[in-house]
Each structure stands twice: as C-alpha cells, then as structure tokens.
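Lettering of chains follows the sequences in order, A, B, ..., and the numbering in each one begins at 1. Just so we're clear, the structure is a prediction, and the values are computed from it rather than from any experiment.
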Amino acid sequence: MAAKKITTPLTDDVVRDLRAGDAVEISGVIYQARDAAHKRLVALIQAGKQLPFELQGAVVYYMGPSPAKPGNVIGSAGPTTSGRMDAYAPLLIEHGLKGMVGKGLRTQEVKDAMHACTAVYFAATGGAGALLAKSIVGNEVIAWPELGAEAVARLEVKDFPAIVVNDCHGGDLYEEGRKRYAKTV
Amino acid sequence: MPVRELDVREVTEAVKALSITANYDLPADVYDALVKSREAEESPVGKEVLGQLIENADIAVADRVPICQDTGFAVIFAEVGQDVHLVGGSFEDAVHEGVRRGYAEGYLRKSVAEEPGHARRNTKDNTPAIMHTSIVPGRKVRLTMMAKGGGAENMSSLNMLKPSQGWAGMVDAVVDTVSRAGSNPCPPVIIGVGIGGTIDMVTVLAKKALLRDVGSTHPDPRIAAMEDELLEKINALGIGPQGLGGTTTALDVFIEEMPSHIASMPMAVNVQCHAQRHKTVEL
C-alpha cells in the first residue's frame, strides 16, 4: 500500500483529496493534546482568548507519551482513544483544526463537523508507541507543563504513518472495513 | 515447620523489577499469537497492522522502552504463604513503593489521577497500586504485576444477568461488549470473562482470567468449548486489527467461574488490548 505523503499545516485541498482507507505519511509539525489539554483549549476559545498554537490548518495528536529516556526525543508515543475528545473536537474544527490523529470511534457530531468544515481523522496504530516514536524527530512542550503527559507539545514528525478513517466526504473505514470482513456463524 | 522471615524490602525490589520488565517485554505467548495471526489474517491492512505490532515489540525489547505509552495502572496479585512472616515494614506500603520506584526508574508514564470524581490530579508516581492479596499454604510469596491500560479497561462490562438467560445470554453479552467497543480497545484484544460470585468478585475473576497464556486450553473441556465458541463469534464480527476490518478481532478468550447466589448470574467482561503485559515472580 503506497502511502500519500502529506505535510502540515493542512489545506482544504489536501484534506479533500484524502479518502477513508488511504495510508498517509505525515511530515511537519503536529500538536500533542489529550483530555486535560482539550478541556483548557475549549475554555480558551469560549473565553475569546488566544490558543498556545495556531489552530488554522493544524493537526492534533491525541497522545500522552511516556517519559523520554536520556538522549531520546520522546518516550513511547502511540495514540490514545479519540472518543474522549469528542465533546471538544467540533468546536476546535469550527475554529480551523484540519486533522486529528488518534484511535477509535468518533461520534456523529464530530463526523458532521469534519464534513461541514473540511477536516480529516487519521488512525495511528494503538499500542505501537515504541515504533511510532521513531517518526517523531522534535518535541517541545509549549503549554501547561504541570499537566505532565497531558501537556501540549509541539511535535516535529517525519513520515509519521497513519491511515485515513473518516474523510470529509463521509467515508468511514471503521464501518466499511468491518462490513467487508463480518461473517455469519 | 518454622515460620520464614521475609523482609518487605525484597517485595519492593521485586515489584520495581516486575513493573519495568512487564512494560518492556511482551510475553512470548502474546508475541507468538501476533505472529500466527499475521499469517491467518485475511485483510491486507490487518496484516500490516499486526506486522507493526510485532516490530513494535521488537523495538521495545531492543531499546528497553515501553511497548505502549500507556504503561497502565499497576495491578498486583499477591499470593502470600501463611508460613511467611513479613518483616521490616508494611507489606502494602512495600508494594506501592515498588511501583513508585519502577515507574520512575523505568521511564514509565504516570497515569493515575487522585480524586477522580472532581480534581483529577495526577499522583505523579503511578500509585496507588491495585492489590489483590490472598493467603495460601506455604512459605513463599508469589507476585504478579499486570500493567492495565485505560483504553481497553474502559470497554469492559459488568452484566447482572438472570439465571434463565443461560449460556445464550452470556454469549450475547460478551459478543455485544466486544462489538460495541469496536476499534477503541486496540484490537486484537484478549477477553477475560468472569462468571459467578458477587459483583466485586466477578470482576476480579475476569481480570484473573487474563493471566492465562494466550493459546492455552482450559482444563475443563466444557469451559474450553465455551471459550472456543466465544472466540469464533468475536472474530466473525469483522472488526479486525485496530478496528480497520479483518478476521483477527481477538487473540483469545478465557473464562473463570465460581459459584453464584441462586438468584444471580453475574458476568464480567474484562477487555485487554493486544499489549497484554504481565509478569510473575516468586520470593
């Protein structure tokens, strides 16, 4: 499966070109943020305040790494379950977020926001944190260091492997893949 | 026979070492199951994902890093011989201290939040450990450490079934739990099923079931047949590796059973991700 190489920040044209089932390799900057950080990001938007990073075109990675060993850029760094961010994702998408990397099912509200605002959801392989860390070449905490593994970090990635699960056209690999292999017993 | 004295500092050292090695070294039975399922998997994407998981386990061993960034809640099963006299401090404190040191020295993620109903502050040392201690005959202490990640634990279920629902009701509840979980718990999963007891005990049974070796057969042929039936039905769901579609949704299903109240049929399903990390030592 030949992967499409994409670079962040993402434009609408790049997002529209992606289809559920496409393998991608992401290069550029992505932002690490999970539960506690999302709660704070949404509070900032609601208060009309500035976010710690430019949301327009951004890709967030739902991830909280293990601590980096000396000499390593980051510890193990695989995706966490995206569904816990569903309550926050539509507002971020409405404010310019173009891509999310995680694992697991999204709600219809998130899929609708992706369709309306041209955004894409990628899955990275859950439980492959040692492997995925090899594609992360830069790591700098840019907000809320007191949150530890839940802080926001600016990650520089090179050919980070992921697969398109939900595209902006309504395609859903979780649904399609499951239907293809379901059997009657 | 005289009582044997055991210093709890040995317990701390053992728990520390278990916490680190359990998180770095995928058990051989799980590794072998991933290799076999890559052969059998029908979906090309599924095969690729399984290949990534095997490569990931190899990297973790070679680089001495955690298999997964979620290095889990530390669940400790302790079997304490009744002829052992533990000296030098509190046994439970010694276990917590072992977790504290293991998670610090092993560069493991601290994933425990205190006051979870409101403040949700990280305890910053991954304590407390979850402990299940039993007193057994003998002069030894057997410690098992399980690193239980949150994503799969969240997909688990407790089902207070009616006895009239019988085996068919249990099959439906297990398959429904896995079906609803979909891609969330990082399939291929391993399923621990507890049947019987009370609501507290049935969940412990389900968790203990997860300690069995993947690919092992239950000694009771009737239960072995029930496990086979569940595995076949789960793998027919089509969820596949990482939920991207495929024929490997679960690597194995394990059942543990105990007597229940005549009015009850409690059943718990403990969902475990493919990174089934556990390790045992005997002191």
Chain B shares the most heavy-atom pairs under 4.5 Å, among K69(A), R180(A), M63(A), with K69(A)
Tell me whether K124(B) is salt-bridged to E146(A), with the criterion being a basic N under 4.0 Å from an acidic carboxylate O. no
Sort K134(A) into side chain, backbone, both or neither according to what part of it lies under 4.5 angstrom from a heavy atom of chain B. side chain
For each of N154(B), L53(B), N184(B), tally heavy-atom pairs with chain A at distances under 4.5 Å, and name the one with the top tally. N184(B)
Shorter than 4.5 Å, heavy atoms on both sides: which option in D58(B), L237(B), V65(B) has the most such pairs with chain A? L237(B)
Heavy-atom distance under 4.5 Å to chain A: side chain of S179(B), backbone, both or neither? both
Is there a side-chain hydrogen bond (donor to acceptor under 3.5 Å, both in side chains) between K103(A) and S82(A) once you walk through the steps? CA-CA 6 Å; K103(A) 54 121 178 161; S82(A) 308; over 6 Å; no
Judged by modelled atom types alone, do Y88(A) and D35(A) share a side-chain donor-acceptor pair under 3.5 Å? no
Engaged part of A20(A) at the chain B interface, taking heavy atoms whose separation is under 4.5 Å: neither
Can you confirm whether more than 12 heavy atoms, excluding those of K39(A), are under 6.0 Å from its NZ atom? no
Taking P44(B), G240(B), S43(B), A60(B) one by one, which has the highest count of heavy-atom pairs under 4.5 Å against chain A? S43(B)
Contact part of R121(B) toward chain A, heavy-atom cut-off under 4.5 Å: side chain, backbone, both or neither? neither
Out of A275(B), G243(B), G151(B), return the one with the most heavy atom pairs under 4.5 angstrom to chain A. G243(B)
As a test of understanding, state which of V253(B), V174(B), V175(B), D176(B) forms a side chain to side chain contact (heavy atoms under 4.5 Å, CB included) with V269(B). V174(B)
Check whether A128(A) gets within reach of chain B through its side chain, its backbone, both or neither, counting any heavy atom under 4.5 Å. both
Most heavy-atom pairs under 4.5 angstrom with chain A, which of G150(B), P187(B), C186(B)? C186(B)
Between the side chains of S135(A) and D159(A), is a donor N or O closer than 3.5 angstrom to an acceptor N or O? no
Looking at chain B, which one of G102(A), P70(A), A36(A) has the largest number of heavy-atom pairs inside 4.5 Å, strictly under? P70(A)
At a heavy-atom separation under 4.5 Å, does R277(B) approach chain A through its side chain, its backbone, both, or neither? neither
Is A181(B) close to chain A through its backbone or its side chain, or both, or neither, when contacts mean heavy atoms under 4.5 Å? backbone
Salt-bridged, R84(A) to E150(A), with N to O below 4.0 Å? no
When heavy-atom pairs shorter than 4.5 Å are enumerated against chain B, which of T184(A), L173(A), T125(A), V185(A) gives the highest number? T125(A)
Heavy-atom pairs under 4.5 Å with chain A are the metric here; pick the option from K110(B), K233(B), E42(B) that has the most. E42(B)
Portion of L108(B) that has a non-hydrogen atom of chain A nearer than 4.5 angstrom: backbone
Part of N23(B) lying under 4.5 Å from any heavy atom of chain A: neither
Exercise: do D13(A) and T11(A) side chains pair donor with acceptor under 3.5 Å: no
Can you tell me which portion of A133(A) sits under 4.5 Å from chain B's heavy atoms? Options are side chain, backbone, both or neither. neither
I'd like to know if K36(B) and D32(B) make a salt bridge, using a cut-off of under 4.0 Å between side-chain N and carboxylate O. no
Under a 4.0 Å N-O cut-off, is there an ion pair linking D12(A) with K98(A)? yes
Which bit of E55(B) comes within less than 4.5 Å of chain A, counting heavy atoms only: side chain, backbone, both or neither? side chain
Close side-chain approach of V165(A) to L244(B), heavy-atom, < 4.5 Å: yes
Can R106(A) be said to sit on top of Y121(A)'s aromatic six-ring, NZ or CZ under 6.0 Å from centre and within 45° of the ring axis? yes
